[in-house]
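Encoded as C-alpha cells, the structure appears first; notes follow it.
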Amino acid sequence: MNFSRIILEWYEQNKRLLPWRRTKEPYRIWLSEIMLQQTRVAQGIPYYMKFVEAFPKVQDLAAASEEQVLKLWQGLGYYSRARNLHATAKIITEKYNGKFPDTYKELLQLKGIGDYTASAIASICFGRPEAVVDGNVYRVLARYYGIDLPINSSEGVLYFKELAKDIMDAKNIRDYNQGIMEFGALQCAPKNPDCGSCPLQKSCVAFATNSIDNLPVKIKKNKVRNRYFNYLVLVDENKQTLLQQRKGSGIWQNLYEFPLLESEKYIDQGEVAGNLKELVSLQEPSEIYLYNESKIVHKLSHQHLHTRFWIITFESNLENGIQIAELHKYPVPVLIADFIKTFKI
DNA sequence: AATCCGGGGTC
DNA sequence: GACCCAGGATT
C-alpha cells in the first residue's frame with residue numbers, strides 16, 4: 001500500500017471531530033486556517049467559536065470595526081492576522097460579492113493568505129488538487145523520506161513543496177491534505193512520536209536509520225532582544241486613566257497600551273518623573289510609585305520585555321481620560337490585560 | 001535570504 | 001530553557 005493510501009486510512013480511523021470539520025463553507029474554513037497559523041488547534045478552538053458566533057457570515061465580519069475584531073482576537077497573538085482577516089472580509093464582501101474565489105492563484109492574492117492557506121482553502125473547500133505544506137507536513141515528509149534539507153531554507157521550501165505535490169492523492173485531496181496534517185499532529189509528533197503503532201513504520205527512512213529525533217532539520221536563529229518597558233498608569237481624581245493605540249511598525253500594531261516610556265535598562269522613580277513631561281504634557285503629579293513588586297518579563301518569540309508599571313496619581317482631571325472600569329473593553333496585549341486584571345487603585 | 005510578528009503548550 | 005505550533009509579510 002502506498003503512502004497516500006495509508007494516510008487516508010489512518011485519517012479515517014483517527015481524525016478528530018473539530019468544529020470546522022463539519023463544513024466546506026469557505027468563510028469558516030478560511031477563518032479556521034488563519035487562526036491556526038503558527039497556533040495549536042487547542043488554542044484556536046475557543047477563538048473560532050467566538051468568531052463564528054459574533055460573525056456568522058463574512059459580511060458580518062466586514063461590517064465590524066477593526067477594534068472589535070482585535071478585541072475578539074486578543075490573546076491569540078500575531079495580530080496582523082486579525083487586521084488582514086478584517087481587510088480580506090471587506091474585499092470578499094465588496095469586490096467578490098461575498099463569495100470566496102475558488103482557485104489557489106486568486107486566493108493567494110488576498111491579504112493574510114499565503115501558499116499554505118491558499119492551498120488549504122482551494123483543496124478543502126473546492127477539491128482543487130493543491131498540496132498543503134505546513135509544519136506537520138514538513139516533519140512527516142522529512143522523516144518518512146529521510147530528508148535533511150533544512151525546512152526553512154529557500155531550497156528546502158521548494159523541495160518539500162514539490163515532493164508534497166508528487167505524492168498527494170489528487171482524487172481525495174480534501175481528506176488527504178487534512179489527513180497528513182492530522183497524522184503529523186497526532187502520530188508523527190515533534191517529540192516522542194508513536195512509532196510503535198505507526199502504519200508507515202516499515203517504510204520510514206528515519207525510523208530505519210534511527211534518526212527520528214534529528215529530523216526535520218531546521219535552521220535556528222533565535223536572537224532575543226531585551227527591551228525595558230515602563231508603563232505610565234496615570235490616575236486622576238475621577239478614577240480615570242490614559243490609554244494609547246500603538247501605531248507604526250513593530251509589535252502589537254493598533255492595540256492599546258498605557259503611555260510607554262522605553263529605556264535601555266531598568267530606571268528608577270526619579271527618571272520616570274524626569275521623562276514624564278515629554279510623554280504627557282500635564283500638571284505635576286502628586287505621587288509616583290512602582291506597582292509591580294516582582295519582576296515582570298513578558299516573553300515574545302524575539303523579545304523579552306522587562307516591564308514596570310508605574311502608578312502616577314493626579315489631584316485633578318485628565319483630559320481624554322477613560323474610566324479605569326472601562327479598560328477591559330479595549331483590545332490590549334496580554335501583558336497589559338494581565339495588569340488590568342490585578343489593578344486595584 | 002533574513003527578520004519580524006505572540007502567546008502558550010510540552011518536554 | 002528550548003522547541004514547536006494547520007505561516008505570512010516585510011525588508
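Values reported hereafter were calculated over all heavy atoms of this structure, with side chains retained and with hydrogens, waters and symmetry mates removed. In what follows, every chain begins at residue 1, and chains take the letters A, B, ... in the order their sequences are listed.
- C:dA6 atom C1' lies 15 Å from atom CD1 of A:I7, rounded to whole Å.
- Rounded to whole angstrom, the span from the CG atom of A:L255 across to the C1' atom of B:dC5 amounts to 12 Å.
- Of the candidate nucleotides C:dA6, C:dC5, B:dC11, B:dC11 has the atom lying nearest to any side-chain atom of A:K191.
- Contacts of A:D115 with the nucleic acid, taken as non-hydrogen atoms under 4.0 Å apart, involve only primed sugar atoms and P, OP1 or OP2.
- Under a cut-off of 6.0 angstrom, the local environment of CG in A:N97 is sparse, with at most 12 non-hydrogen atoms contributed by other residues, nucleotides or ligands.
- You'll find that the side chain of A:M181 is closest to C:dA6, out of B:dG6, C:dA6, C:dG8.
- For B:dT3 and C:dA6, the P atoms lie 25 Å apart once the distance is rounded to whole Å.
- For the OP1/OP2 pair of B:dG7 and a distance below 4.0 Å, the side-chain nitrogens and oxygens of A:Y79 include at least one atom meeting the criterion.
- The residue A:Q303 sits close only to the backbone: its heavy atoms come under 4.0 Å of sugar-phosphate atoms, none of a base.
- Using a 4.0 Å heavy-atom distance criterion, A:G250 is classed as a sugar-phosphate-only contact.
- Which of C:dC5, B:dG6, C:dG7 sits closest to the side chain of A:T117 comes down to C:dG7.
- At the phosphate of B:dG7, OP1 or OP2 sits under 4.0 Å from a side-chain N or O atom of A:W252.
- Within 3.5 Å, no donor on the side chain of A:T39 pairs with an acceptor on the base of B:dG7, nor the reverse.
- Between A:S301 and the phosphate of B:dG7, there is no side-chain N or O to OP1/OP2 separation shorter than 4.0 Å.
- Taking 3.5 Å as the limit, the base of C:dA6 and the side chain of A:R21 contain a donor-acceptor pair of atoms between them.
- When heavy atoms are screened at a 4.0 angstrom cut-off, A:L18 is found touching base atoms of the nucleic acid.
- Under 3.5 Å, the side chains of A:N2 and A:R5 contain no donor-acceptor pair of N or O atoms.
- One atom, CD1 of A:I173, and another, P of C:dA6, lie 19 Å apart when rounded to the nearest Å.
- A:W73 comes within 4.0 angstrom of nothing in the nucleic acid, heavy atoms only.
- Residue A:L76 is the one, among A:L76 and A:N192, whose nearest nucleotide of DNA chain B lies closer to the 5' end (criterion: closest heavy atom).
- Taking the side chain of A:I251 as heavy atoms from C-beta on, and the options B:dG6, B:dG7, C:dA6, the nearest nucleotide is B:dG6.
- Regarding contacts with the backbone of C:dC3, every side-chain N or O of A:K218 stays at 4.0 angstrom or more from both OP1 and OP2.
- Contact annotation: A:K299 reaches the phosphate of C:dG1 (side-chain N/O to OP1 or OP2, under 4.0 Å).
- Among the protein residues, A:V41 comes within range of the sugar-phosphate backbone only, with heavy atoms under 4.0 Å from sugar or phosphate atoms but none that close to a base.
- Rounding to whole angstrom units, NZ of residue A:K223 and C1' of C:dA2 are separated by 18 Å.
- Here C:dA6 is the nucleotide among C:dC4, B:dT3, C:dA6 with the atom lying nearest to any side-chain atom of A:E182.
- Listed nucleotides: C:dC4, B:dC5, C:dG7. Nearest to the side chain of A:R40: C:dC4.
- Regarding A:R246, its CZ atom lies at a distance of 9 Å from the P atom of B:dC5, rounded to whole Å.
- Each of A:H302 and A:E155 lies near DNA chain B, and the nucleotide nearest A:E155 is the one positioned closer to the 5' end.
- Using cut-offs of 30° and 60° for the angle between ring planes, the A:W30 and A:F100 rings count as tilted.
- Comparing the P positions of B:dG8 and C:dG8 gives a spacing of 22 Å, expressed to the nearest Å.
- Regarding A:L36, its CG atom lies at a distance of 7 Å from the P atom of C:dA6, rounded to whole Å.
- A straight line from CZ of A:R83 to C1' of B:dG6 spans 12 Å, rounded to a whole angstrom.
- For the OP1/OP2 pair of B:dG6 and a distance below 4.0 Å, the side-chain nitrogens and oxygens of A:Q38 include no atom meeting the criterion.
- Per the geometry, CZ belonging to A:R81 stands 14 Å off P belonging to C:dC5, to the nearest Å.
- The environment of A:N320 atom CG is sparse: at most 12 non-hydrogen atoms of other residues, nucleotides or ligands sit within 6.0 angstrom.
- Aromatic ring orientation, A:F229 versus A:Y231: perpendicular (interplanar angle above 60°, classes split at 30° and 60°).
- With respect to the salt-bridge test (charged N to carboxylate O, under 4.0 angstrom), the residues A:R83 and A:E66 do not qualify.
- Checked by atom type, the side-chain pair A:D115/A:Y104 shows a donor-acceptor distance below 3.5 Å.
- Comparing A:S32 and A:N84 by the nucleotide of DNA chain C whose heavy atom lies nearest to each, the residue mapping closer to the 5' end is A:S32.
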